[in-house]
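Take a look at the structure below.
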Amino acid sequence: MMLRSYYESTARARIAGLLDADSFHEWLPAAERMTSPHLATLEQPAAFDDGVVIGQGDIAGKQIFVAAQEGGFMGGAVGEVHGAKIVGVLERAARDHPAAVLLLLETGGVRLQEANAGLIAVSEVMRAILSARAAGVPVIVAIGGQYGCFGGMGIAARCASAIIMSEEGRLGLSGPEVIETARGVEEYDSRDRALVWRTVGGKHRYLLGECDVIVPDSIEAFQQAVIKCIDNGDDWSLESLEQEHQLLNDRLLRFGECKDGRDIWRKLGWTDSDAIAMMDNDEFVAAAQGHSAKQTAQAN
Amino acid sequence: MAIENLKYRFDGGKLTKGATAVVGVLGSGNLEVLVEPAKLDGACEIDVSTSARGFGNIWQAVMKDFFARHHAGDIRISVNDAGATPAIVSLRLDQAIESYKGKHR
């Protein structure tokens, strides 16, 4: 069977590939023309779906709700309508209790053309993720597209129950170009791809414990990981939250002085930190046993 | 940066059955195409919204070729374009009509 690249797929192709055949029902499809009023005012082209595809469907026979951002339209940036569609999915999930909400995130963050509306939308997404989880619905994030997941949506992703990434996926707050623009090329060279992936890439996020599952770049691999995450459910207890806070504290103490992902990896016990980049997914996951921030913190 | 809106209508097509379909992405050098059924007495109506101004005659030629290839009637096509080349537009239109007719998924 030929594996399909998640990285190279559009939002619609990802949904079609991840969900059970013919099970997807789209809400506010393109024909509804729920486009951005702000882009129209600025006389900029507006996509029929405002860059996010939402709806319900099945994965391995279980009903889920899904929102998939299209990175190809304005870098997946969150405008007012775009954000409201994601919020609507999450609020409906809190009401209707599907087996999970799946967020296929690919975004640079807030759409600058809709500045304040976009910022509010992102904060509403965060609140809605927590509301869905509080209602007992796991929220599962997948990150593996060309544009990564940055800005406020990077924070939103970390509000979810679980994050699945590929090595190619990137997760962060300020994107590489933003850091370079604000702090200078000496601080961060956004064209140094190895540095970028050592800082925000899937493997680094996995070792830091921010990404729960790392998969090879195929829709099939993401699908299997999603099924596993749905089965795992959501640990939303006070104990688990306190543990998470302890991990974050611990992480800052241990790695706060590190200048590069490599420095962190060495502290995690990787003797040949440069080898990490060359490992395939299975090798990496096996080698990461006992060498991630979570596991070494528990061992301390 | 202003958008240019273009409208085309071709009469005498044959009834083309299908279900609403959208293909492509509104990204740089690309376009999205929405095909919907419409009672138009065999005509094909096309609305184009493009960020590249001043290429109306080229759009006209590309759409005329498209209609000559498919003779697709009773459909409405809506295009959002971000500067796709004529070849890309032609391929997307073909993909869109195939998707509409349900040959491709």
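Below, read A as the first sequence line, B as the second, and so on, with proteins coming before strands; counting in each chain starts at 1. No hydrogens, no waters, no symmetry mates; every other heavy atom, side chains included, goes into these values.
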Which bit of Asn30(B) comes within less than 4.5 Å of chain A, counting heavy atoms only: side chain, backbone, both or neither? neither
The reported gap from CG in Asn80(B) to OG in Ser51(B) (rounded to nearest 0.5 angstrom) is 10.0 Å
Hey, which residues of residues 9-28 of chain B are touching chain A, say heavy atoms under 4.5 Å apart? Thr20(B), Val22(B), Val25(B), Leu26(B), Gly27(B)
Taking side chain as C-beta onward, heavy atoms only, is Asp49(A) less than 4.5 Å from Leu28(A)? no
Tell me yes or no: between the side chains of Thr50(B) and Asp81(B), is some donor less than 3.5 Å from an acceptor? yes
Is the cationic atom of Arg14(A) (NZ for Lys, CZ for Arg) positioned less than 6.0 Å from the six-membered ring centroid of Phe222(A) and within 45 degrees of its normal? no
So, are Asp50(A) and Lys85(A) salt-bridged, with charged N and O less than 4.0 Å apart? no
For Arg33(A), does the CZ atom sit with more than 12 other heavy atoms under 6.0 Å from it, leaving out its own atoms? yes
With a 4.5 angstrom heavy-atom cut-off, is it the side chain or the backbone of Ser78(B) that approaches chain A, or both, or neither? both
Could you tell me which portion of Ala46(A) (side chain, backbone, both or neither) has an atom closer than 4.5 angstrom to a non-hydrogen atom of chain B? backbone
Lys/Arg N to Asp/Glu carboxylate O, Glu45(B) vs Lys7(B), below 4.0 Å: no
